[in-house]
Number of protein chains: 2
Amino acid sequence: MDGIEARELAYFVAVAEELNFTRAAERLCIAQPPLSRAVKQLERRLGVTLLERSSRRVALTPAGQVLLDEGRRALEGLSAAVRRTRRAGRQEPRLTLVMKAVGDGGMLPDILAAYEKEPDAVPVEVLFCGFGEHAALLRGGFADVGLLHGRPDLTGLDHEELLVEEQIVVLRLGHRLAGRAAVTLADLKDEVMPRWAGLPGDRGDGPEVRDAGQLLQLIALGHAVAVLPESARAYLGGDVVAVPVLDVPPTTMMVAWPEWSRSPALAAFVRTATETAGRT
Amino acid sequence: MDGIEARELAYFVAVAEELNFTRAAERLCIAQPPLSRAVKQLERRLGVTLLERSSRRVALTPAGQVLLDEGRRALEGLSAAVRRTRRAGRQEPRLTLVMKAVGDGGMLPDILAAYEKEPDAVPVEVLFCGFGEHAALLRGGFADVGLLHGRPDLTGLDHEELLVEEQIVVLRLGHRLAGRAAVTLADLKDEVMPRWAGLPGDRGDGPEVRDAGQLLQLIALGHAVAVLPESARAYLGGDVVAVPVLDVPPTTMMVAWPEWSRSPALAAFVRTATETAGRT
DNA sequence: CCCGTCCATACCGCCAGGGTATCGCTCGCG
DNA sequence: CGCGAGCGATACCCTGGCGGTATGGACGGG
């Protein structure tokens, strides 16, 4: 037995993130002295100095940096286990599918229809999320399966490819490029591209949008253009047009799920999704 | 805060594995009543029934099965974090390299020599392990980096390919195939192949060996033959010969390390290993 | 030089977690 | 059919650990 407790690890992580016992204590809603004691006890149990305290400044030792990284992940794993258990224990078992709005390549109705006929099928609950959130929601145990686009970070996930799509640019009717048969990225370099709300990695210019409706509205107003997978054509209204973009790499849509998941309901969904995609 | 404690999770895992509170309690070195109480408290905190108790039999509910799987992994992650922290906290930092004996493709001396010249280099400690153990030792935080062969389970690991090798069969001098320029698997189907000790997945026949020395001795005695990567030629004595095997897929050697590892010492080692392999 | 900041120490009270004794249920066996 | 063994649940006690308050001591800024 290594004897380390989840609570004291969480305490240490708070201190290591704040680099300040007092602030960490109030974040944890406890007083500062018990926090000091708990961290010291953790150091004693590990036999390792985690923090360099100099009565004016708190700094991480190399070992402390390791425990901050590893411990955060371990705590994530713990609460993911809790969430998955809670969701598995609901009286009415469900499968939570996470996807970006309009991120199903038009296949979701077919997949769901086929899935419902499976013997292991359970009701599917669809959870919409922002641009890069799929993977975190799957890893964290908030969702069972996801439909992903592009090249997300797949660590901790298993996946199957469903569909490879060419990309199009969506333009307002009357836009200077709207009549072209095809465009290149060079044609678009002066265009305003919206960015998804709450996404730190995205480029800073362009208006912020929260969902596909806002995006289409911006395009229809002529305030922006957007490069989307070809399947998005199905969602376009009459006041915008789609033009193929020649030199953008095709985007692949995939179904992904947490590594180690072995529920029959999930396996049936993945099988159904790949078969449905393969039948096109 | 989800409020789940590592100890109570370990308690539940023990009960779920034994399906018997009394035996689980003695495995945990506590009395049975506190164990019953702890599991019940865990169920209350999760709001989920984990075990079906029928006064004569204990069975897992579906949610209990989920928590058994996920909780085991979460506890693994926790103790891996502890081990990595302990190893990072040693006064003399070292890099622990795990490999099968004679599993380095002859490159280890070159890699180590080149690595020692790196600015971020630390002393390398080599840990030998049995056939399929590399990945578990890396995931568990017992080692920092490994040299792997074949197609191990790489979940939780990052890796780089170092070397693709053809395979040879090692035979006693005077063996019926020893004079051949090459053989096929069909030629070998009646031969005795040793199996590595402590490896459940291996085929049952053949004598058990613990290391390369025992293996070569068995071959020299004519009691066995073995299919090995070409680089093993360097370790062969004069009383055995090596013959290429035509229809065995080449084996790839790779360097692997735990996902998320970001120590400069490790990064330098991986870079050195790939550069050394690329220079051949 | 004093005051504010911040971590450590000292001490206290309470409850969670572990122990022992015992009950209740069920199955197997004579 | 009745008894005993096995096993989990309950009741009760006791101790150690965790959290709280008060305070000390080191350091830096004004």
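Proteins get letters first, then strands, A, B, ... in listed order; numbering begins at 1 in each.
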Without decimals, in angstroms, what is the distance between [X] [atom1] and [N] [atom2]?
{"X": "Y11(A)", "N": "dG17(D)", "atom1": "OH", "atom2": "P", "result": "16 Å"}
{"X": "L35(B)", "N": "dA16(C)", "atom1": "CG", "atom2": "C1'", "result": "15 Å"}
{"X": "E26(A)", "N": "dG19(D)", "atom1": "CD", "atom2": "C1'", "result": "17 Å"}
{"X": "Q32(A)", "N": "dT9(C)", "atom1": "CD", "atom2": "C1'", "result": "10 Å"}
{"X": "E52(B)", "N": "dC7(D)", "atom1": "CD", "atom2": "C1'", "result": "17 Å"}
{"X": "R44(A)", "N": "dC18(D)", "atom1": "CZ", "atom2": "P", "result": "10 Å"}
{"X": "I30(B)", "N": "dG19(C)", "atom1": "CD1", "atom2": "C1'", "result": "10 Å"}
{"X": "F12(B)", "N": "dG17(C)", "atom1": "CZ", "atom2": "P", "result": "17 Å"}

When rounded to the nearest 0.5 angstrom, what is the spacing between [atom1] in [X] and [atom2] in [Y]?
{"X": "F128(A)", "Y": "M99(A)", "atom1": "CZ", "atom2": "CE", "value": "5.0 Å"}
{"X": "N20(B)", "Y": "T22(B)", "atom1": "CG", "atom2": "OG1", "value": "5.0 Å"}
{"X": "E116(B)", "Y": "T272(B)", "atom1": "CD", "atom2": "OG1", "value": "10.5 Å"}

Among [options], which nucleotide has an atom closest to any side-chain atom of [X]?
{"X": "R7(B)", "options": "dA9(D), dG19(D), dG17(C)", "value": "dG17(C)"}
{"X": "K40(A)", "options": "dG8(D), dT9(C), dT20(C)", "value": "dT9(C)"}
{"X": "R37(B)", "options": "dG20(D), dC12(D), dA21(C)", "value": "dC12(D)"}
{"X": "T22(A)", "options": "dC6(C), dA22(D), dG20(D)", "value": "dC6(C)"}
{"X": "A31(A)", "options": "dG8(D), dC7(C), dT21(D)", "value": "dT21(D)"}
{"X": "S36(A)", "options": "dC7(C), dG18(C), dC18(D)", "value": "dC7(C)"}

Review point. dC7(C) phosphate, OP1 or OP2: any side-chain N/O from N20(A) under 4.0 angstrom?
Key: yes
Exercise for review: Establish whether the base of dT5(C) is bridged to the side chain of R56(A) by a donor-acceptor pair shorter than 3.5 Å.
Suggested key: yes
**Study point:** Side-chain ion pair, R72(A) and E17(A), N-O less than 4.0 Å
**Key:**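 Looking at E17(A) together with R72(A), the answer is yes, because their closest N to O distance falls below 4.0 Å.
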Check your understanding: Between R57(A) and Q41(B), who's closer to the 5' end of DNA chain C by nearest nucleotide?
Key ->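 Nearer the 5' end of the strand: R57(A).
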**Study point:** Distance-only polar pair, side chains of S36(B) and Q32(B), donor-acceptor under 3.5 Å
**Key:**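 Distance-only check passes for S36(B) and Q32(B).
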